[in-house]
Protein chains: 2
Amino acid sequence: MQTLALVSITLCLAVNVWAQKPRHCRSPPLVVGSLTVSAREGEFFAEAKYTYDALQKRVRFREFGCNNSQSFHTDKLILFRKRVMYDISYHDHSCKRIPLRVHFHPMEVPREAKLLSEVVLGSSSAPGQGLLVNIWVGNVSETGGKYFSTFTEFGCLPVSSIYYSNSTGWVMTSFFNNMNGIGNPEDFIPPDFCMRKENEETEWGTERDFFEALF
Amino acid sequence: MQTLALVSITLCLAVNVWAQKPRHCRSPPLVVGSLTVSAREGEFFAEAKYTYDALQKRVRFREFGCNNSQSFHTDKLILFRKRVMYDISYHDHSCKRIPLRVHFHPMEVPREAKLLSEVVLGSSSAPGQGLLVNIWVGNVSETGGKYFSTFTEFGCLPVSSIYYSNSTGWVMTSFFNNMNGIGNPEDFIPPDFCMRKENEETEWGTERDFFEALF
């Protein structure tokens, strides 16, 4: 009887440990948020606001930054289902309509990623002082690059990403101010002047996901 | 009467906004935690566990890492009040006792730091999915360096730090698994073999705080 109880307890513990192991997860389908990207020892820096809709496979991305001491601003609307990206400038009401070859890849922990560690940012000693996150590591076979991606344990939201390849060097991305939902559905409607004029059509390469497509 | 009510509401709002502005804060006096440091595009990488006691001004710091493909391990006990640092090796029971010139500097947002922004890591859309943090920026006049330090809004715990100077390049530090309190008070008692033998005595320079003293 005692043996049976011991086996039961052991099995319960095993199931519990298995259940608590961080899993590959996918971010919520509708998210708005911000991010910063820095690369080349700070020579490239950009901050962006994004609106992400995995249900209808579309992303709006407004970015400003500095590249080799040159400031820049971009505003992109990507409609993956329609295979088109709009490069929008409200400043001079110009709009480039660019056919898109790449497919939509949702924000998620890649399947091939391995768990490096689970840690608390801040402190777990009191409510509101800490954030439980999982750090995943993996390789991008196409580029020979390596990445470390951090996602929240609860909610599966991206927190940061460090990517290294010989061609890019270290690229660091930090995500913040994420919210579940879409603040303004009109983010996904191209402005009128995009409809009136169809400019240069440039085909894209084989970018892997929408973040890589954007930088 | 309406004007008075309006003035009262305005004053209340003003006080509320003032009260909500992030302030320069100091970390709790007793903390245990971990950190990682990377520099020189990843050529230097280290992970450390620390035990921090601001009441009695002492720090224990166990670190392992890799510098130019050479792995290393250090174990340091710093007793600022006694102006001594022990460089401990349990492996061969050796111990260097090093006189210390630097003063103790608590973990805190430096007074001269300016608030860059307040953001939520993760998401504020659901409990447990986000962490409210403040990002502070400042200059280190002695080194001509610049830093970006991130502390939690609640609890004032360090989350990350980015430091740049011409001599060091970019140095990135991430803090995690912090807990309020001291897990083992014996962390601050030097081992017996440190008492038996007093080795090389080297005087230190003018390091600024205990983190700079450690790297």
Side-chain angles (χ1 to χ4, degrees), chain A residues 27-28 30-36 38-43 45 47 107 116-135 146 148 150-160 162-164 166 168-172 174-183, chain B residues 27-28 30-36 38-43 45 47 107 116-135 146 148 150-160 162-164 166 168-172 174-183:
Chain A
S27 298
L30 304 176
V31 182
V32 293
S34 297
L35 58 86
T36 58
S38 64
R40 300 199 307 276
E41 291 264 303
E43 281 181 19
F45 180 84
E47 183 167 343
M107 288 200 294
L116 184 66
S117 60
E118 178 168 79
V119 303
V120 175
L121 300 182
S123 168
S124 55
S125 294
Q129 296 187 3
L131 180 65
L132 188 62
V133 300
N134 300 312
I135 304 168
K146 188 168 188 168
F148 298 81
T150 303
F151 281 75
T152 60
E153 166 67 23
F154 303 111
C156 195
L157 291 151
V159 175
S160 65
I162 299 175
Y163 174 77
Y164 178 83
N166 288 336
T168 61
W170 292 90
V171 180
M172 272 153 293
S174 297
F175 300 83
F176 52 94
N177 292 352
N178 297 296
M179 287 189 295
N180 291 359
I182 299 295
Chain B
S27 298
L30 304 175
V31 183
V32 293
S34 297
L35 57 86
T36 58
S38 64
R40 299 198 308 274
E41 292 264 305
E43 281 180 18
F45 180 83
E47 183 166 344
M107 288 199 295
L116 184 66
S117 60
E118 179 170 78
V119 303
V120 175
L121 301 181
S123 168
S124 55
S125 294
Q129 295 187 3
L131 181 65
L132 187 62
V133 300
N134 300 312
I135 304 168
K146 188 168 189 169
F148 298 82
T150 303
F151 281 75
T152 60
E153 165 66 22
F154 302 111
C156 194
L157 290 151
V159 175
S160 65
I162 300 175
Y163 173 77
Y164 178 83
N166 288 335
T168 61
W170 292 89
V171 181
M172 271 151 294
S174 297
F175 300 83
F176 53 93
N177 292 352
N178 298 295
M179 286 189 294
N180 292 358
I182 299 296

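The chains referred to below are lettered A, B, ... by the order of the sequence lines, with proteins before strands, and numbering in each begins at 1. Only a predicted model underlies this, so the values are computations on that prediction, with no experimental measurement involved.
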Novice: Among Leu157(A), Thr150(A), Val133(A), which has the most heavy-atom pairs under 4.5 Å with chain B?
Specialist: Leu157(A)

Novice: Taking all atoms of both residues into account, what is the closest heavy-atom pair of Gly122(B) and Leu131(A), and its distance?
Specialist: N-CD2, 4.4 Å

Novice: With respect to chain B, which residue among Leu132(A), Ile162(A), Val31(A), Asn178(A) yields the maximal number of heavy-atom pairs within a distance under 4.5 Å?
Specialist: Asn178(A)

Novice: Does any backbone or side-chain atom of Ser124(B) lie under 4.5 Å from a heavy atom of chain A? Answer side chain, backbone, both or neither.
Specialist: both

Novice: Check Thr152(B) against Gln129(A) and note the closest heavy-atom contact, atom names and distance.
Specialist: CG2-O, 3.7 Å

Novice: Sequence neighbours excluded, which residues qualify as side-chain hydrogen bond (donor to acceptor under 3.5 Å, both in side chains) partners of Thr36(A)?
Specialist: none

Novice: Taking all atoms of both residues into account, what is the closest heavy-atom pair of Phe175(A) and Leu121(B), and its distance?
Specialist: O-CD2, 4.0 Å

Novice: Would you say Met179(A) has more than 12 foreign heavy atoms packed within less than 6.0 Å of its CE?
Specialist: no

Novice: Among Phe151(A), Trp170(A), Phe154(A), which has the most heavy-atom pairs under 4.5 Å with chain B?
Specialist: Trp170(A)

Novice: Mind checking side-chain hydrogen bond (donor to acceptor under 3.5 Å, both in side chains) for Glu153(B) and listing every partner two or more places apart, or none if nothing turns up?
Specialist: Asn134(B)

